[in-house]
Number of protein chains: 2
Amino acid sequence: MDYDKQSEILKILGHPIRLKMVEGLMNNECNVNKIMEVLNIPQSTASQHLGKLKSAGVLVSRKEGVRICYKVADKQVRDIMKILQG
Amino acid sequence: MDYDKQSEILKILGHPIRLKMVEGLMNNECNVNKIMEVLNIPQSTASQHLGKLKSAGVLVSRKEGVRICYKVADKQVRDIMKILQG
DNA sequence: TCCTTATATTCAAATATTACGATATTACAA
DNA sequence: TTGTAATATCGTAATATTTGAATATAAGGA
């Protein structure tokens with residue numbers, strides 16, 4: 001196991017806002033504005049958390065005009081989320 | 001899902017030393033001295049990481065004379081580890 | 001008792017993370 | 001163009017985490 005890499009992913013998931021984001025993006029694609037509204041957090045906060053998740057490879061993004069749509073990319077993360085959901 | 005609780009567990013697992021500890025304690029019970037030797041880290045560092053894992057409910061400990069033996073307690077954590085191991 | 005071993009706790013410095021306002025960038029529409 | 005909406009990035013203060021030496025505690029043996 002690559003401990004540095006795997007622990008990095010767990011650490012990134014280990015924040016309540018990011019965990020909510022990832023759960024919400026498991027089945028739906030969603031743009032930043034919607035995400036910040038749903039989670040009721042400032043735009044820069046939303047953007048930064050999404051940025052971290054993307055850097056870690058958890059999410060991927062797609063441009064759609066002005067909007068940026070995020071969704072879960074990582075199979076392993078998907079499996080972990082299923083476990084957390086019970 | 002309890003986001004605070006679940007993200008807390010992921011955060012605790014999200015450290016390379018702690019991830020190594022948990023993996024090593026999946027199948028074997030082990031005392032602190034052995035753990036610090038195997039991981040080649042100072043005693044206080046080992047003890048603190050083990051303390052965090054125990055506080056989070058990831059590990060349980062058992063007294064055996066002077067020794068304290070740790071092992072993985074949490075079923076969910078066990079499942080997550082299996083995913084990480086591929 | 002005194003010594004030794006095993007473990008936990010305390011403390012402080014170094015480092016990392018988080019939050020969010022302010023500012024920059026980008027795309028599109030008027 | 002100019003304006004506006006969507007997103008990213010910057011700056012930075014507040015907070016949290018990590019590390020390891022020093023110290024405390026606890027158990028067993030001589």
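Nothing here was measured: the structure is a model prediction, and the numbers come from that model.
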Quiz item: Between B/Asp74 and B/Arg78, does at least one N-O distance fall below 4.0 Å, as a salt bridge requires?
Solution: no
Strictly distance-based, threshold 3.5 Å: is any side-chain N or O of [X] a donor or acceptor partner for the main-chain N or O of [Y]?
X	Y	answer
A/Thr45	A/Ile41	no
A/Asp2	A/Asp4	yes
A/Arg18	A/Ile12	yes
A/Gln6	B/Leu84	yes
B/Ser47	B/Gln43	no

Atom pair distance, as rounded to whole Å: [atom1] in [X] and [atom2] in [N]:
X	N	atom1	atom2	result
A/Ile68	C/dA27	CD1	P	9 Å
B/Leu50	D/dT19	CG	C1'	15 Å
A/Leu59	D/dT7	CG	C1'	15 Å

Exercise. Could you check which residues of residues 3-33 of chain B get a heavy atom under 4.0 Å from DNA chain D? Sort them by number, please.
Key: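 Only B/Lys11, B/His15, B/Arg18 qualify.
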Practice problem: Go through residues 34-49 of chain A and report each residue with a non-hydrogen atom lying under 4.0 Å from DNA chain D, sorted by number. | Solution: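 Within this stretch, A/Gln43, A/Ser44, A/Ser47, A/Gln48 sit under 4.0 Å of the strand.
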Exercise. Find out whether A/Lys52 and A/His15 are in side-chain contact, i.e. whether some heavy atom of one side chain is under 4.5 Å from a heavy atom of the other.
Key: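 Heavy-atom side-chain distance check fails, nothing below 4.5 Å.
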Quiz prompt | From D/dT17, C/dA8, D/dA6, nucleotide with atom closest to B/Lys52 side chain | solution =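 The listed nucleotide nearest to B/Lys52's side chain is D/dT17.
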Quiz item: Using a cut-off of 4.0 Å on non-hydrogen atoms, how would the nucleic acid contact of B/Lys54 be classed: base, sugar-phosphate, or nothing?
Solution: nothing
Quiz item: Between D/dA6 and A/Tyr70, is there an OP1 or OP2 to side-chain N/O distance shorter than 4.0 Å?
Solution: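 Looking at the OP1 and OP2 atoms of D/dA6, neither is under 4.0 Å from any side-chain N or O of A/Tyr70.
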Quiz item: Given A/Met21, which of A/Val72, A/Leu39, A/Leu13 fulfils the side chain to side chain contact (heavy atoms under 4.5 Å, CB included) condition?
Solution: A/Leu39
